[in-house]
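Note that the structure is a prediction, hence the values are computed from the model and not measured.
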Amino acid sequence: MSDEAKSESLATIDISELDAGEVLERLRAVEMPETIDHETSSIELRRARGGDNLLMGLDKPWRINVRGTLGDYALAFNRLAHVRVTGSVGDGLGESMVSGAVRVHGNAGVGVGVAMTGGTLAVYGNAGDGCAAALRGGEVFVRGDVGHNAAHGALHGTLVIGGDAGMNLGEAMMDAMIFIRGRIGSLGQGVAELPLIPKDSVRLGLLLINAGIRGDAKDFRRIVPQRVFDEEQRRKGIIGHPSWR
């Protein structure tokens, strides 16, 4: 059963003529029953026409379905809300997102999930340059391709790429990890490519299920910081060349 089939609409709001502030006002005016199940009840936002800064700073456990396109910085600073967008979005999707879940059934522009600290952000189309740059936590999924400089300077968290990546993938990445299925334009400095190990295969499988993305974990490879690569190679060397006494 789909999410839409299971959802019970609490309110339907036409946002075609509303600016970002007015949309938030209308959301806050929706009466939330004390017995509401936030997992199955939703607010429908219809006729979105690409306005910028829409749904920034959501800080309640709303479940929201958006029909139409959103502009730049949609859902930046999201906290707690679970949002499904049926349409494409502009630049800065989910920037500095803290928690909750955002799923975009369309394409996204530059800077998806920049400086995120937590939550789940999934794009079921393609994403532009700088995807997951400066990532500090949480999980970013892109079913299709990503542009150049993905995960640049990522500190923590995970980026999963179902398609191809552009140039400088993972440049200056610290404790983050990238899983990729497609081709890579080039790796950034300080990272290395490795096949999956069983532990990461299980982890990736669970991540894919969480994001609602179909795929076999065995088709992916890992991009890890160079020090992680060096440590794994050192361990292999110890196993392969034991010190007999």
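- Connection of Met116 to Met174 is not established within any shared hydrophobic cluster, with ILVMFWY side chains joined at heavy-atom distances below 4.5 Å, either directly or through further cluster members.
- Across every non-hydrogen atom of Ala11 and Val30, the tightest pair is CB-CG2, 3.9 Å.
- A side-chain donor-acceptor contact under 3.5 Å links Asn126 to the backbone of Asp145.
- Closest approach of Val191 to Gln226, counting heavy atoms only: O-OE1, 3.8 Å.
- Tyr73 and Val85 fall into different hydrophobic clusters, where Ile, Leu, Val, Met, Phe, Trp and Tyr are joined by side-chain heavy atoms under 4.5 Å apart, directly or via other members.
- Leu196 approaches Ala217 most closely through the heavy-atom pair CD1-O, 3.0 Å.
- Within the 3.5 Å criterion, the main-chain N or O of His148 finds no donor-acceptor partner in the side chain of Asn168.
- Separation of atoms CG (Asn65) and NE2 (His105) is listed at 9.0 Å; rounding is to 0.5 Å.
- One distance of note links NE2 of His156 with OG1 of Thr117; it measures 11.5 Å at 0.5 Å rounding.
- Under a 3.5 Å cut-off, the side chain of Glu22 and the backbone N or O of Asp19 do form a donor-acceptor pair.
- Here the OG atom belonging to Ser16 is positioned 11.5 Å from the CG atom belonging to Leu45, to the nearest 0.5 angstrom.
- Within the 3.5 Å criterion, the main-chain N or O of Ser99 finds a donor-acceptor partner in the side chain of Asn78.
- With respect to Asp59 and Arg79, no salt bridge is recorded, no charged nitrogen being found less than 4.0 Å from a carboxylate O.
- For the residue pair Ile178 and Gly170, the shortest heavy atom distance occurs at CD1-CA, 3.9 Å.
- To the nearest 0.5 Å, atom CZ of residue Arg46 and atom CD1 of residue Ile13 are 11.5 Å apart.
- No option in Leu54, Leu55, Val23, Ile43 other than Leu55 meets the side chain to side chain contact (heavy atoms under 4.5 Å, CB included) test with Val66.
- Using a 4.5 Å heavy-atom threshold, the side chains of Val104 and Leu75 count as separate.
- Rounding to the nearest 0.5 angstrom, the gap separating the CG atom in Leu10 from the CD1 atom in Ile64 is 10.5 Å.
- Other residues sharing a hydrophobic cluster with Ile197 under the 4.5 Å side-chain heavy-atom criterion for ILVMFWY residues do not exist; the residue is a singleton.
- Counting non-hydrogen atoms of other residues, nucleotides and ligands closer than 6.0 Å to CD of Gln189 gives a total of 12 or fewer.
- Partner of Leu204 under the side chain to side chain contact (heavy atoms under 4.5 Å, CB included) criterion, chosen from Leu208, Leu206, Asp200: Leu208.
- Thr158 and Arg203 share a donor-acceptor pair across their side chains, judged by distance under 3.5 Å alone.
- Closest of all the heavy-atom pairs between Leu187 and Glu193 is CD1-N, 4.0 Å.
- For the atom pair Ile161 CD1 and Ile223 CD1, the distance stands at 8.0 Å (nearest 0.5 Å).
- Of the possible polar contacts, one joining the Arg221 side chain to the Gly182 backbone as a donor-acceptor pair under 3.5 Å is found.
- Here the side chain of Asp91 pairs no donor or acceptor atom with the backbone of Asp72 at under 3.5 angstrom.
- Arg103 places no side-chain N or O within donor-acceptor distance of the main-chain N or O of Arg84, the cut-off being under 3.5 Å.
- Side chains of Phe179 and Arg222 form a contact here, defined as non-hydrogen atoms less than 4.5 Å apart.
- Between Glu17 and Arg47 there is no salt bridge, since no side-chain N of the basic residue sits under 4.0 Å from a carboxylate O of the acidic one.
- Contact check for Val83 versus Trp62: no side-chain heavy atoms found under the 4.5 Å cut-off.
- By the criterion of side-chain heavy atoms lying less than 4.5 angstrom apart, applied directly or through intervening Ile, Leu, Val, Met, Phe, Trp or Tyr residues, Leu27 is not grouped with Leu80; the two fall into different hydrophobic clusters.
- Follow the hydrophobic side-chain contacts under 4.5 Å out from Val123 and you never reach Phe77; the two are in separate clusters.
- Between Leu24 and Met56, the shortest heavy-atom distance links the atoms CD1-O, 3.9 Å.
- Phe141 and Phe220 fall within a single hydrophobic cluster, where Ile, Leu, Val, Met, Phe, Trp and Tyr are joined by side-chain heavy atoms under 4.5 Å apart, directly or via other members.
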